[in-house]
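Throughout, numbering of the chain's residues begins at 1 and tracks the sequence.
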Amino acid sequence: MCGIVGIVGQTSVNQTIYDALTVLQHRGQDAAGIVTVDGYAFRLRKANGLVKDVFEPKHMQRLQGNSGIGHVRYPTAGSSSASEAQPFYVNSPFGISLAHNGNLTNTVELHERLVKQRRHVNTTSDSEVLLNLLADELQNTTTHNLSPDEVFNAVTQVHELTRGAYAVVAMIIGQGLVAFRDPFGIRPLVLGKHETETGTEYMVASESVALDAVGFEFMRDVAPGEAVYITLEGELYTRQCAHSPSYAPCIFEFVYFARPDSTIDNISVYSSRVNMGTMLGEKINKEWEDHDIDVVIPIPETSCDIALEIARHMDLPYRQGFVKNRYIGRTFIMPGQQERKKSVRRKLNAINAEFKGKNVLLVDDSIVRGTTSEQIIEMAREAGANKVYFASAAPEIRFPNVYGIDMPTTNELIAHGRDVEEITKLIGADGMIFQSLPDLIEAVRKENPAIKRFETSVFDGKYVTNDVNQEYLDYITQLRNDDAKANRSKDIGTNLEMHNVCHP
């Protein structure tokens, strides 16, 4: 998962992009990058690390220009090397820089196409492939000044060629900003504006919270398959560029990734999580009618709103039994199982008084590998809990995600090939309950009934792009396991210097 930002402004945009990336940091903690356009030159800074660490004052001073794009990343199938930090750029035509959230499922085929067309791809990133596809389509234009039609025709061709999930923002030197979303709208993208004395500024971002943080007004979501083109003069153009677009947004955005204060596809993330708590609370009351639970405790922070609603429906006390160290990253995003295991106890600490002598119900948003769940249950017992029950606001995750979320190899998913009883035993709980998939869909869809379908492949193995087979799943298994990622990082190197247009 990644976060993207793009702005065409009236004044320098470096600080605005920086601030927007900071509030999108939850979407990626591995690397960050900003490109601005200063006349006819790109000003680029990108490196591994958090936003606050990547951009020092000297870098910000060099990122001049009234338009630009930004990106925060964590790697899925690609390497975590600094060489694959985004945005990427190519010099021809015009000069194009691109940032991407998602994952293409036909990258190998597209890479072969680009090689035949004598375009060079320098990394293993599908985002660089996407950049070169867009550049290749724009190469066919005959005028110095791109027209909206030419931009939209290029995006239409990109849609025809690519498969998978992608929310994209790109800067074209001397022309403007183009942003577009895959025909299923799997990954989110929103459009906002800010009125100034000298004109209107426009912004696109992964989540509405990024607009809020920098004082932009939310206009709407970019529709599946739609492209947005904003000239450097601030003229806004939009067009549907896919032949058969249909909404199928990733439901895991609402379960886990997106911030609760964001609205995605006219769905309040916070309200959808409250609804998840309602549905799961009702299920617990029905299936565990004779339970002996004394207290409901969330595993912070995504599950707090869910747990509070469960406690309300069960007429039980809600307590904050764990204190979170906010300076530790998300554990299932961390590269390497050993690092994930070590981080859990650094991340959370139990308040013994909330556990001692009690039968507790722990609530989490989901269970992926089960590593965190197992250790948290151990912590609850060490803190004095008599019994530890576990509730997941999402169904069992049994299949890998191929659309940009790092749910890796099938055999690393604790629920794959196991029933609830087996999972319960593995994580050491006294009892366990999962949200059903129909209830999860209803909880999210309740906020926007116009959306008839969600991308739910991690739960049911049904991939909306209809191009994912076992051969492809085997391929991403080879790419995504921890050993493969470590080896790729060593091979490529983690200290690549940018020979760029703005030296770091």
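In this structure, Arg73 and Glu84 have side chains that are in contact, with non-hydrogen atoms separated by less than 4.5 Å. Inter-residue side-chain proximity for Asp364 and Phe390 is flagged as met; some heavy-atom pair is nearer than 4.5 Å. Between Cys2 and Tyr74 there is no side-chain heavy-atom pair separated by less than 4.5 Å. Side chains of Val169 and Val5 form no contact here, defined as non-hydrogen atoms less than 4.5 Å apart. Using a 4.5 Å heavy-atom threshold, the side chains of Thr16 and Glu201 count as separate. Considering only heavy atoms from C-beta on, Asp261 stays 4.5 Å or farther from Asp212 through its side chain. Side-chain contact between Ile4 and Gln86 is absent, with no heavy-atom pair separated by less than 4.5 Å. Side-chain contact between Ile397 and Phe459 is present, with at least one heavy-atom pair separated by less than 4.5 Å.
Closest non-hydrogen pair, Ser262 versus Glu207, comes out as OG-OE1, 2.6 Å. Across all non-hydrogen atoms, the minimal contact from Arg319 to Val295 is CG-CG2, 3.6 Å. Of all heavy-atom pairs between Ala210 and Ala205, the closest is CB-CB, 3.8 Å. Residue Tyr318 comes nearest to Ala311 through the heavy atom pair CB-CB, 3.8 Å, listed as atom of the first residue, atom of the second, then distance. Here the closest non-hydrogen pair linking Gly164 and Thr105 is N-OG1, 3.6 Å. The nearest pair of heavy atoms linking Asn386 to Gly357 is ND2-O, 3.0 Å.
Remark: side-chain polar atoms of Asn14 are paired, donor with acceptor, to backbone N or O of Met60 under 3.5 angstrom. The closest donor-acceptor contact from the side chain of Glu217 to the backbone of Met219 lies at 3.5 Å or more, if one exists at all. Counting only distance, with no hydrogens or angles, the side chain of Gln435 and the backbone of Ala394 share no donor-acceptor pair below 3.5 Å. Between the Arg273 side chain and the Phe254 main chain, a donor and an acceptor come within less than 3.5 Å of each other. Of the possible polar contacts, one joining the Ser436 side chain to the Asp439 backbone as a donor-acceptor pair under 3.5 Å is found. Remark: side-chain polar atoms of Asn285 are paired, donor with acceptor, to backbone N or O of His313 under 3.5 angstrom. Counting only distance, with no hydrogens or angles, the side chain of Asn103 and the backbone of Val402 share a donor-acceptor pair below 3.5 Å. Under a 3.5 Å cut-off, the side chain of Asp365 and the backbone N or O of Thr302 do not form any donor-acceptor pair. Side-chain atoms of Tyr403 come within 3.5 Å of backbone N or O of Thr465 as a donor-acceptor pair. Although no hydrogens or angles enter the test, the distance criterion places a donor-acceptor pair under 3.5 Å between the side chain of Gln240 and the main chain of Pro224.
More than 12 heavy atoms of other residues, nucleotides or ligands lie within 6.0 Å of CD in Glu195, so this atom counts as buried by the packing criterion. Around atom OH of Tyr270, no more than 12 heavy atoms belonging to other residues, nucleotides or ligands sit under 6.0 Å away. Summarising the local packing, CD of Glu289 is surrounded by 12 or fewer heavy atoms from other residues, nucleotides or ligands at distances under 6.0 Å. Within 6.0 Å of the CG atom in Asp315, the count of heavy atoms belonging to other residues, nucleotides or ligands does not exceed 12.
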Just do the side-chain contact (heavy atoms from CB on, under 4.5 Å) check on Asn401 and Phe252 with the steps written out, would you?
CA-CA 10 Å; Asn401 184 281; Phe252 214 71; 5.9 Å; no
Evaluate the criterion side-chain contact (heavy atoms from CB on, under 4.5 Å) for residue pair Lys193 and Leu236; output intermediate values, then yes/no.
CA-CA 10 Å; Lys193 66 179 180 179; Leu236 173 68; over 6 Å; no
Stepwise side-chain contact (heavy atoms from CB on, under 4.5 Å) check, Ile264 with Phe257
CA-CA 11 Å; Ile264 296 174; Phe257 268 106; over 6 Å; no
Let me see the working for Phe322 and Ile297 under side-chain contact (heavy atoms from CB on, under 4.5 Å), right down to the final yes or no.
CA-CA 8 Å; Phe322 294 102; Ile297 295 176; 4.0 Å; yes
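The CG atom of Leu189 sits 12.0 Å away from the OG atom of Ser208 when rounded to the nearest 0.5 Å. Here the NZ atom belonging to Lys324 is positioned 7.5 Å from the CG atom belonging to Leu348, to the nearest 0.5 angstrom. Here Arg398 contributes atom CZ and Leu413 contributes atom CG; the two are 10.5 Å apart, rounded to the nearest 0.5 Å. Here the OH-OG1 distance, from Tyr472 to Thr477, works out to 10.5 Å after rounding to the nearest 0.5 Å. To the nearest 0.5 Å, atom CG of residue Leu316 and atom CG of residue Asp294 are 8.0 Å apart. Atom CD1 of Ile17 is separated from atom NE2 of His71 by 13.5 Å, given to the nearest 0.5 angstrom.
With hydrogens and angles left out, the side-chain atoms of Asp292 and Tyr389 include a donor and acceptor closer than 3.5 Å. Side-chain atoms of Glu412 and Thr409 include a donor-acceptor pair closer than 3.5 Å. If you check the side chains of Asp474 and Gln478, you find no donor sitting under 3.5 Å from an acceptor. Side chains of Glu301 and His26: a donor-acceptor N/O pair is absent below 3.5 angstrom, by distance only.
Applying the side chain to side chain donor-acceptor pair (under 3.5 Å) rule to pairs touching residues 440-450 yields Asn275-Glu447, sequence neighbours excluded. For residues 415-446, no residue pair satisfies the ring-ring contact (aromatic ring centres under 6.0 Å, His included) rule, not counting sequence neighbours. The stretch residues 451-461 participates, sequence neighbours left out, in these side chain to side chain donor-acceptor pair (under 3.5 Å) pairs: Glu455-Ser457, Thr456-Asp460.
Salt bridge annotation for Glu253-Arg187: present, with a cationic side-chain nitrogen under 4.0 angstrom from a carboxylate oxygen. Using a 4.0 Å cut-off between charged nitrogen and carboxylate oxygen, Asp265 and Arg181 count as a salt-bridge pair. Salt bridge annotation for Arg312-Glu309: present, with a cationic side-chain nitrogen under 4.0 angstrom from a carboxylate oxygen. Taking the charged nitrogens against the carboxylate oxygens, Asp430 and Arg381 do have a contact shorter than 4.0 Å, which makes a salt bridge.
Taking the six-membered ring where the residue is Trp, His194 and Phe216 present tilted rings, their angle falling between 30° and 60°.
By the 6.0 Å and 45° rule, Lys46 stacks over the aromatic ring of Phe88.
Proximity of the aromatic rings of Tyr166 and His159 is defined here by a centroid distance below 6.0 angstrom, and this criterion is met.
None of Ile451, Val458, Val444 except one satisfies the side chain to side chain contact (heavy atoms under 4.5 Å, CB included) rule with Ile251; the exception is Val444.
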